[in-house]
Participant: 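Before I ask anything, here is the structure I am working with.
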Amino acid sequence: MSKATTTHNESQTDRITAVSPAPHEFGANLVFTSDELQPYFAFDSAVKEAGGGATGTISYDGQRYDVGLSYQQSGLKPWDNERFRLESVREFRISFEATDELGERSGSFLIQPRWPNMQSKGDRPNPSCPDIIGVNLKVQGSNLPLEDYLPIFRRAVESFDINSKYFADSKVHEYSNIFSFEYYIRLDREKSKSLVGQNGILRRMFEHVEAGDGQRELKEDNRQTLGYYNHVKIDSDGAGKLVSGHRYGKQIKAYHPKHVRDNPSDALYHPKVGVSLQTNYNADGSVSWDSRDELVTECDELLLNVLAWGGLSTRVNSDTYVSDEYFEATETERDIRLVENPLPDIKRKQDAVVVDGLTANPNLNESDTEAVEIIADGGQMTVDELADESDYSKRTIYRVIERLEDILQRDSGRIGFVSNYIADVVRTTLSDAKDALSKDGGSGSGSSAFQKWANAHGVEVSDSDDGRLLVRFGRVPGDVNDVLRAGLRAWKQSGRNPRRFNFGKARWKTDGRMNYRVPIFQG
């Protein structure tokens, strides 16, 4: 086995021997245009000759499958074209199910016609369709390798006297795409605890991968047992942060069956851990059929890396992986990147963001710390809600968001922390931030006379570049002198040194022009 130098997000080895995951859910739209609508008419004839449907049995790769042919009415209007000779539009379905004990190696193939400018019947919206003539084969199934679906379909087609050459691999159109794919392993229940729960790798992934302008999701349901149903969803950007070069949005899931088993000798007593494509979190939605090998590799790599980051061996041994009907705890040698756990590095960067943003920020003022503290206590809220809660103007709140853009973000109109982890760090850092703010008497407590004056006039108070106190008005005061004198009185009532206020700077706008006063008062 060849070794390589290990650095963050670089390959640990060029080729490794590791546990082999099993395929689970799969879904794709495979488009065939080479023979236009001939495959569709062939299915229509076969169904009519069979009296509306038929059943049969086929064999593939040593496994027997029960297959069935049926049809259903489509929601499409017939094509007003001489090439479409039918008065109604049907869709044809071939179902298949392995004749094994579970019968969960199964699925269906739905054959749908395609032509330009298709129209729906009734009030339903018209489907969007590219300028093609042919058929769409909608494939859905489980517990089979991706590459087995088309061969099984061709065997089934032949069993109903339909020419399978219409569906040759070489005829799959470039518009074809994958909308569902999952790889899984079954993990010893005790070992799975490193992935789930408060300190599990799934929660840490969610906390440390920033959403930014994207999306992510954490769900934890441990009511029946620890790890009953836990998942993390990450978008394309988050996938690249975890493993460089990855670009598909995914879900990482650890879960038990609906009814949790209590017998350790039952394979289902132990949870599944799977990685699947999530089109809603993927930058391009579905994945091109031509990119299927890349998708499979990404799911394989992320699954193995998550296990490794959780401190688990990726090699098969007697007490880590548990075989079931469709997952065999065996290992293969293949090209897979095992990368250094990125979460500690992300954690260090996020710690630095909080320290720089709160405790070491020279422009920090009380509106910042108070807004952050309110969100830390109450969770996400709108600008209006935060302004009401803090008694600051909305303009001040917008400035807070701008100054603390590395800590706070607006998402769908609500203000919250960039990540859950940053939220936790902020809660423990606020006291340090307040200490840093009070060192030079820059502002007082939220209940002080000066703070009430500042809130009343939408004033922000901070240090200017030369160290002077800077008083910035959110709106133009009626009489600047009167308002500033009231501010000086409130400053004194709050126990502050008047010299700092007197020799400070004031800034406000009049008719779109910025006005400054330095110093505010002499003496």
Side-chain angles (χ1 to χ4, degrees), residues 3-14 16-21 182-211 216-220 222 226-227 230-255 270-276 278 281 297-317 319-321 329 331 334-351 419-422 424:
K3 297 289 184 180
T5 302
T6 303
T7 59
H8 172 58
N9 263 352
E10 291 185 1
S11 297
Q12 181 183 11
T13 178
D14 295 328
I16 67 169
T17 299
V19 61
S20 298
E182 181 179 354
Y183 255 159
Y184 85 94
I185 55 91
R186 193 171 292 280
L187 190 61
D188 176 83
R189 182 185 287 197
E190 190 64 29
K191 299 283 187 180
S192 72
K193 293 178 181 178
S194 65
L195 303 184
V196 298
Q198 185 172 357
N199 297 313
I201 198 72
L202 297 189
R203 181 181 289 193
R204 288 166 54 201
M205 289 171 64
F206 173 78
E207 290 174 342
H208 295 319
V209 176
E210 300 176 19
R216 60 192 172 138
E217 177 182 291
L218 171 68
K219 181 173 183 178
E220 296 177 317
N222 299 307
L226 178 62
N230 287 239
H231 78 220
V232 171
K233 294 180 181 180
I234 53 173
D235 62 14
S236 295
D237 184 58
K241 290 177 180 176
L242 289 176
V243 181
S244 65
H246 279 203
R247 61 192 183 103
Y248 299 125
K250 304 180 192 72
Q251 172 180 257
I252 305 95
K253 180 170 64 171
Y255 59 107
H270 307 279
K272 283 182 177 180
V273 179
V275 172
S276 60
Q278 294 292 297
Y281 285 72
T297 297
E298 279 202 19
C299 290
D300 192 1
E301 283 188 343
L302 183 58
L303 180 53
L304 289 183
N305 277 285
V306 167
L307 295 170
W309 299 340
L312 301 174
S313 172
T314 57
R315 299 293 302 271
V316 172
N317 55 50
D319 62 353
T320 300
Y321 302 101
E331 54 188 31
R334 57 198 189 278
D335 293 324
I336 291 291
R337 286 187 304 153
L338 285 182
V339 304
E340 209 177 309
N341 186 352
L343 301 184
D345 186 47
I346 296 172
K347 175 182 179 295
R348 285 190 293 271
K349 290 178 180 178
Q350 293 190 336
D351 285 348
S419 74
N420 278 14
Y421 179 73
I422 280 186
D424 290 339

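No hydrogens, no waters, no symmetry mates; every other heavy atom, side chains included, goes into these values. It should be emphasised that the depicted structure is a prediction, and the values quoted were computed from it without experimental measurement.
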Participant: Check T17, L338, N305 against T314 for a side-chain contact (heavy atoms from CB on, under 4.5 Å) and give me the one that passes.
Facilitator: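 Only match with T314 under side-chain contact (heavy atoms from CB on, under 4.5 Å): L338.
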Participant: Do the non-hydrogen side-chain atoms of V275 and D300 ever get within less than 4.5 Å of each other?
Facilitator: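 No, every pair of side-chain atoms sits at 4.5 Å or beyond.
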Participant: For the backbone of V316 and the side chain of E331, can you confirm whether one donor and one acceptor N or O come within less than 3.5 Å of each other?
Facilitator: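 Yes, the answer is positive, given that a donor and an acceptor are paired below the 3.5 Å cut-off.
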Participant: Looking at every heavy atom in both V196 and G227, which two are closest together, and how far apart are they?
Facilitator: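 So the minimum-distance heavy-atom pair works out to CG2-CA, 3.8 Å.
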Participant: Any heavy-atom pair between the side chains of T320 and D188 that's under 4.5 Å?
Facilitator: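 Sidechains of T320 and D188: no contact.
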Participant: Heavy atoms, side chains only, cut-off 4.5 Å: are I201 and L343 in contact?
Facilitator: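 SC-SC contact between I201 and L343 confirmed.
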Participant: With H231 as reference, evaluate K253, K219, Q278, Q251 under the side-chain hydrogen bond (donor to acceptor under 3.5 Å, both in side chains) test and give the passing residue.
Facilitator: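 Among K253, K219, Q278, Q251, the one meeting side-chain hydrogen bond (donor to acceptor under 3.5 Å, both in side chains) with H231 is Q251.
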Participant: Shortest non-hydrogen contact from P21 to I185?
Facilitator: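 Between these two residues, the closest heavy atoms are CA-CG2, 3.8 Å.
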Participant: Between the side chain of W309 and the main-chain N/O of V339, is any donor-acceptor distance below 3.5 Å?
Facilitator: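 Yes: the side chain of W309 pairs with the backbone of V339.
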Participant: Between E182 (side chain) and G274 (backbone), is there a donor-acceptor pair under 3.5 Å?
Facilitator: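 Looks like no, no N/O pair under 3.5 Å.
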Participant: Is there a donor-acceptor pair under 3.5 Å between the side chain of S192 and the backbone N or O of L187?
Facilitator: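 No; judged by distance alone, with no hydrogens or angles, the pair does not exist.
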Participant: Just how far is it from atom CD of E220 to atom CG of N230, taken to the nearest 0.5 Å?
Facilitator: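 CG of N230 is found 5.0 Å from CD of E220.
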Participant: Backbone N or O of H270 within a donor-acceptor pair of the R186 side chain at under 3.5 Å?
Facilitator: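 Flag set: sc R186 to bb H270 pair under 3.5 Å.
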Participant: Can you give me the closest heavy-atom contact between N341 and R204, atom names plus distance?
Facilitator: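 Looking at all heavy atoms of both residues, the shortest contact is ND2-NH2, 3.9 Å.
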Participant: Say whether, by atom type as modelled, one donor and one acceptor occur between the side chain of R337 and the main chain of S244 under 3.5 angstrom.
Facilitator: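 Flag set: sc R337 to bb S244 pair under 3.5 Å.
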